[in-house]
Amino acid sequence: EVQLVESGGGSVQPGGSLTLSCTGSGFVFSNYYMSWVRQAPGKGLEWVAGINARGALTYSANFANSRFTISRDNAKNTMYLQLSSLQTDDTATYYCAKDIQQKRWWTGIPPPDAYSRRGQGTLVTVSS
């Protein structure tokens, strides 16, 4: 059974930082493109960043560039998202997501099926 478990969320003040983690099991983690997506209260799902199977290629949404860093450690079946310079509108539930097919990759925003399989999420609240 495929499982994606996120952790690391919490409450921070504007300008603060957090590191989110996602551990995958039930599939060959190192064969899949992975993403972080988020959903703010009352809003739709928003893709944040993606990383190819080997971790050599990353791409982030414009709002995340220079503030968020995606990475992965395939030996630990774990993906990370370092959040910095957090703003109040970064408040959201952050989800780890895996592609539905192995060994695909994109240099830009992927199609929705690339992040259709998601974990339960971890809440990030940015508030003063």
Side-chain angles (χ1 to χ4, degrees):
E1 178 188 1
V2 172
Q3 287 194 324
L4 297 166
V5 179
E6 302 93 339
S7 62
S11 295
V12 296
Q13 294 185 337
S17 300
L18 283 173
T19 297
L20 308 183
S21 300
C22 165
T23 300
S25 61
F27 64 102
V28 182
F29 186 84
S30 60
N31 282 356
Y32 286 85
Y33 176 93
M34 300 289 293
S35 294
W36 286 98
V37 298
R38 70 182 186 181
Q39 188 165 24
K43 296 188 177 180
L45 199 65
E46 182 175 42
W47 182 83
V48 177
I51 186 166
N52 77 323
R54 294 188 176 185
L57 296 173
T58 65
Y59 191 83
S60 301
N62 286 341
F63 67 83
N65 279 337
S66 77
R67 298 193 302 126
F68 299 173
T69 302
I70 188 171
S71 62
R72 66 192 294 165
D73 184 342
N74 286 341
K76 296 181 179 179
N77 286 359
T78 301
M79 177 175 67
Y80 305 96
L81 186 67
Q82 294 176 277
L83 309 172
S84 63
S85 301
L86 284 162
Q87 304 164 0
T88 55
D89 57 3
D90 293 318
T91 293
T93 298
Y94 285 73
Y95 298 92
C96 163
K98 68 174 288 290
D99 196 355
I100 60 170
Q101 294 184 29
Q102 298 185 72
K103 300 181 180 179
R104 299 196 301 180
W105 60 276
W106 295 268
T107 56
I109 298 174
D113 66 356
Y115 50 91
S116 58
R117 184 61 186 263
R118 298 184 290 272
Q120 293 189 324
T122 186
L123 179 62
V124 173
T125 303
V126 185
S127 172
S128 56

Distance, nearest 0.5 Å, that separates CD of E46 from OH of Y95: 13.0 Å
Answer yes or no: is there a donor N or O on one side and an acceptor on the other, between the side chain of S85 and the main chain of G15, under 3.5 Å? no
Which is it for W36 and C96 under the side chain to side chain contact (heavy atoms under 4.5 Å, CB included) test, yes or no, and what are the steps along the way? CA-CA 5 Å; W36 286 98; C96 163; 4.1 Å; yes
Same cluster (ILVMFWY, side-chain, under 4.5 Å), Y80 and L20: no
Smallest separation among heavy atoms of S66 and S84, with atom names: O-OG, 4.4 Å
Rounded to the nearest 0.5 Å, what separates atom OG in S11 from atom CG in L86? 11.5 Å
Basic-acidic side-chain contact under 4.0 Å: R104, D113: yes
Tell me whether V37 is reachable from F68 by hopping between hydrophobic residues (I, L, V, M, F, W, Y) whose side-chain heavy atoms are closer than 4.5 Å. no
Gap between atom CG of L81 and atom CD1 of I51 - 0.5 Å precision: 10.0 Å
Between the main-chain N or O of S127 and the side-chain N or O of T88, is there a donor-acceptor pair closer than 3.5 Å? no
F63 CZ to D90 CG distance, which is reported to the nearest 0.5 Å: 7.5 Å
Measure across G9 and V124 and return the closest heavy-atom pair with its distance rounded to 0.1 Å. CA-CG2, 4.2 Å
Using modelled atom types only, decide if a donor and an acceptor are shared between the side chain of R117 and the backbone of V2 within a distance under 3.5 Å. yes
Linking I/L/V/M/F/W/Y whenever their side-chain heavy atoms sit closer than 4.5 Å, directly or via other members, would Y59 and V48 fall into one cluster? no
Rounded to the nearest 0.5 Å, how far does CH2 of W47 lie from OH of Y115? 8.5 Å
Is there side-chain contact between S7 and T122, with at least one heavy-atom pair below 4.5 Å? no
Working to the nearest 0.5 angstrom, can you tell me the gap between S30 OG and R72 CZ? 7.5 Å
Can any side-chain N or O of N52 pair as donor or acceptor with the backbone N or O of G55 at less than 3.5 Å? yes
When clusters are formed by joining ILVMFWY residues with side-chain heavy atoms under 4.5 Å apart, either directly or through shared neighbours, do V28 and L4 land in the same one? no
For the side chain of Q120 and the backbone of E6, is there at least one donor-acceptor N/O pair under 3.5 Å apart? no
Is it true that a side-chain atom of N74 and a backbone atom of F29 form a donor plus acceptor pair closer than 3.5 Å? no
Are L123 and V12 connected, step by step, through hydrophobic side chains (Ile, Leu, Val, Met, Phe, Trp, Tyr) whose heavy atoms are closer than 4.5 Å? no
Answer yes or no: is there a side-chain heavy-atom contact under 4.5 Å between M79 and I70? yes
Minimum heavy-atom distance between Y32 and Q101, given as atom pair plus value: CD2-O, 3.5 Å
Restricting to non-hydrogen atoms, name the atom on A114 and the atom on S35 that form the minimum distance, rounded to 0.1 Å. O-OG, 4.5 Å
